[in-house]
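All values reported here derive from a predicted model rather than from experimental measurement. Lettering follows sequence order; numbering is per chain, from 1.
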Amino acid sequence: MEYPEMHKQIVEELLDGKFILSRERQFEVIKENEEFYTIFFSASFNHELEITNEFARLVSDETDENLSRDISIFFAILCYELDRQGKNFLDALQYSEFSMEEINHSFDNSSWIDLIQSNKQLRDSDTRKRFILSTMGKRNIVDKVTDERFYFTSAYKVFIDYAKELAQSSLNDKQNNQTNDGN
Amino acid sequence: MIKAEPKTILYFIWSYFDVLRELFDTQSQEGIIRKEALSLILERNKRDIKSQLIEYKILRNINDDFELRDVYYKLIEFILFEFRPLLPEEIEKFGTAISELFRHVKEGANADKAILVDRLRALSSQIKEFTDSVEKNSIRLLNESRELKSNVSRLDYREKIQRASFWIQYYILPLNSILDVNHSESITNKLLDVSEFANQKRLTFTDEGIRQSFEKLYFQLIQANDDLLKQSKLLTNELLPLIERIRTESLIITGWIEFLQSYNKIQPPRLLKPKKDNPYSKRVYVNTKEYFEQFKVDEDAIIVEDDQEYETWVFNKSKYKRKLIDSLPIENFFDWCSNQLKQDTNEVTNEKVFALTGLLFEDDLEVKSNTEEKVLNIQTKTSKISVPILNVKKNGIS
């Protein structure tokens with residue numbers, strides 16, 4: 001049986017929960033062999049291969065709920081604070097280089113400070129740095145530039161899409177309740 | 001006096017919290033719980049607990065209707081974090097009380113001590129209630145501003161601005177004046193005056209008990225100042241610019257606000273959890289630890305340092321024999337040994353004494369013991385040797 005080039009690396013990285021980004025060679029290999037890999041991961045591990053134009057990753061019922069929640073809280077507060085500062089947060093996530101200093105400034109002065117301080121990953125500058133550069137970096141959600149500066153990769157879109165869906169379902173719920181009350 | 005046990009009442013609140021919450025919501029909206037509303041709520045929840053609600057004094061009669069007693073209302077309000085917004089006049093009343101009490105404290109500082117202590121206590125209580133009110137109010141206003149920002153109710157732009165203006169005009173701006181340190185009449189400024197006075201008196205007042213009361217007040221004011229500063233920052237950063245902030249609306253921000261308000265109850269997006277497959281048993285670590293613990297010695301090993309310095313001494317038999325013969329006759333052999341050893345060596349040891357004793361068996365010597373004399377005690381390094389008095393002469397035969 002012939003396997004595509006870089007097969008071992010692809011399988012290892014995807015099973016590690018990494019986002020394989022479109023700029024990487026592995027991404028092209030996956031794209032060229034999309035059908036094969038879809039069946040491969042489903043049959044071998046019961047995981048679903050998700051490919052967009054920007055990244056490839058695996059999703060499954062075996063989910064790290066706590067980590068996902070912490071990352072979502074991080075994005076939520078970051079977007080909220082950027083918006084409050086009058087910035088275009090989507091543009092910032094897509095194009096800007098961030099520094100730990102500005103992240104810390106936003107978080108330490110946020111009105112969500114109680115939530116931040118009760119979260120073990122986000123409560124102070126050291127844990128935040130570890131969380132962003134190490135934990136999120138390991139999965140290719142952020143790209144470390146130096147010890148203090150980083151970019152977000154296109155993986156941020158997963159979380160933005162999630163926020164959009166959540167908003168939509170809240171709006172639908174609210175509308176349904178209003179219609180019922182009217183009856 | 002309430003007949004029921006305290007724990008019974010608390011258990012009751014825990015068991016029927018859903019009903020209490022509905023009663024709380026009703027009272028928050030209507031200001032009162034009409035008797036029909038009460039019956040409806042009890043029926044809807046299928047709970048026939050009206051008699052207990054009255055017996056435990058959770059509900060109070062207002063003519064034919066009811067209300068939750070203040071203490072329970074405030075408890076539920078706090079647990080749910082759903083505070084009624086306070087009108088600025090309700091907060092300003094604390095300012096008046098604080099000013100008046102402070103004036104009396106200053107004027108009566110050298111008069112009756114008992115009333116001074118009472119006033120200080122009352123002042124402290126008013127300051128506490130004031131900071132509590134400010135905090136609750138800020139929380140409520142923050143929630144309102146977030147709701148406007150997220151706009152799940154889909155208000156149109158004009159309505160949003162109207163609501164925001166309402167909050168700003170009647171609640172936010174007045175609260176800002178109350179907290180603004182730069183505003184000469186603000187309560188925060190008055191608290192600074194009290195703090196200065198308390199700081200002085202805690203060090204200079206003659207009576208120790210009252211000095212301590214001033215000290216307690218002073219430290220309470222430091223904490224209050226920090227808390228109020230925090231609320232003031234919130235006002236400046238999020239509430240005052242509310243109109244600006246609601247100009248833009250974003251579905252994503254709406255989603256994030258909804259998420260942050262109940263993140264514990266919502267499923268976050270799926271993120272693969274890497275599985276670690278170990279080629280050995282999961283219990284390897286525990287089993288190995290148990291195995292090694294069998295050999296663990298709990299007693300302390302003590303090493304005794306041997307600091308004895310050994311002097312190397314080799315018995316020169318011919319030398320000592322010659323010396324002995326030159327000294328004959330000797331009345332007390334062991335005394336002679338002892339003296340020789342003391343002269344020639346650093347210390348007298350048993351080994352050396354026994355070595356010299358061997359000389360007694362030489363053929364050229366005649367040894368007699370004087371049994372009438374007592375024994376001689378020789379002190380060596382480690383022992384005291386009791387030896388007989390021995391005469392040694394040249395052997396007459398050789």
Can you tell me how the ring of F78(B) sits relative to the ring of F81(B), calling it parallel under 30°, perpendicular over 60° and tilted otherwise? perpendicular
Contacting moiety of L260(B), where chain A heavy atoms sit under 4.5 Å: both
Can you list the residues of residues 24-49 of chain A that sit under 4.5 Å from chain B, counting heavy atoms only? H47(A), E48(A)
Listed by residue number, which members of residues 19-39 of chain B have a heavy atom under 4.5 Å from any heavy atom of chain A? none
Could you name the residues of residues 139-149 of chain B that have a heavy atom within less than 4.5 Å of a heavy atom in chain A? L142(B), R146(B), K149(B)
By a 4.5 Å heavy-atom criterion (distance strictly below it), what part of E244(B) contacts chain A: side chain, backbone, both, or neither? neither
Answer yes or no: are there more than 12 heavy-atom neighbours, outside E89(B) itself, under 6.0 Å from its atom CD? yes
In a check of side chain to side chain donor-acceptor pair (under 3.5 Å) between Q9(A) and each of H7(A), E13(A), E12(A), which one passes? E13(A)
So what's closer than 4.5 Å to chain A heavy atoms on S138(B): side chain, backbone, both or neither? neither
Does atom CD of Q94(A) have more than 12 heavy-atom neighbours from other groups under 6.0 Å away? yes
So among F75(A), Y151(A), F159(A), which one has a side-chain contact (heavy atoms from CB on, under 4.5 Å) with L93(A)? F75(A)
Chain A contact via S150(B) - which portion, at a heavy-atom distance below 4.5 Å: neither
Is the shortest distance from a Lys or Arg side-chain nitrogen in K74(B) or D70(B) to a carboxylate oxygen in the other one below 4.0 Å? yes
Between N119(A) and D70(A), does any side-chain donor sit less than 3.5 Å from a side-chain acceptor? yes
Non-hydrogen contacts under 4.5 angstrom with chain B: give the residues of residues 52-64 of chain A involved, or none if there are none. R57(A), L58(A), V59(A), S60(A), D61(A), E62(A), T63(A), D64(A)
Between D143(A) and R23(A), is there a salt bridge with N-O shorter than 4.0 Å? yes
Is it the case that over 12 heavy atoms from other parts of the model lie below 6.0 angstrom from the CZ atom of F166(B)? yes
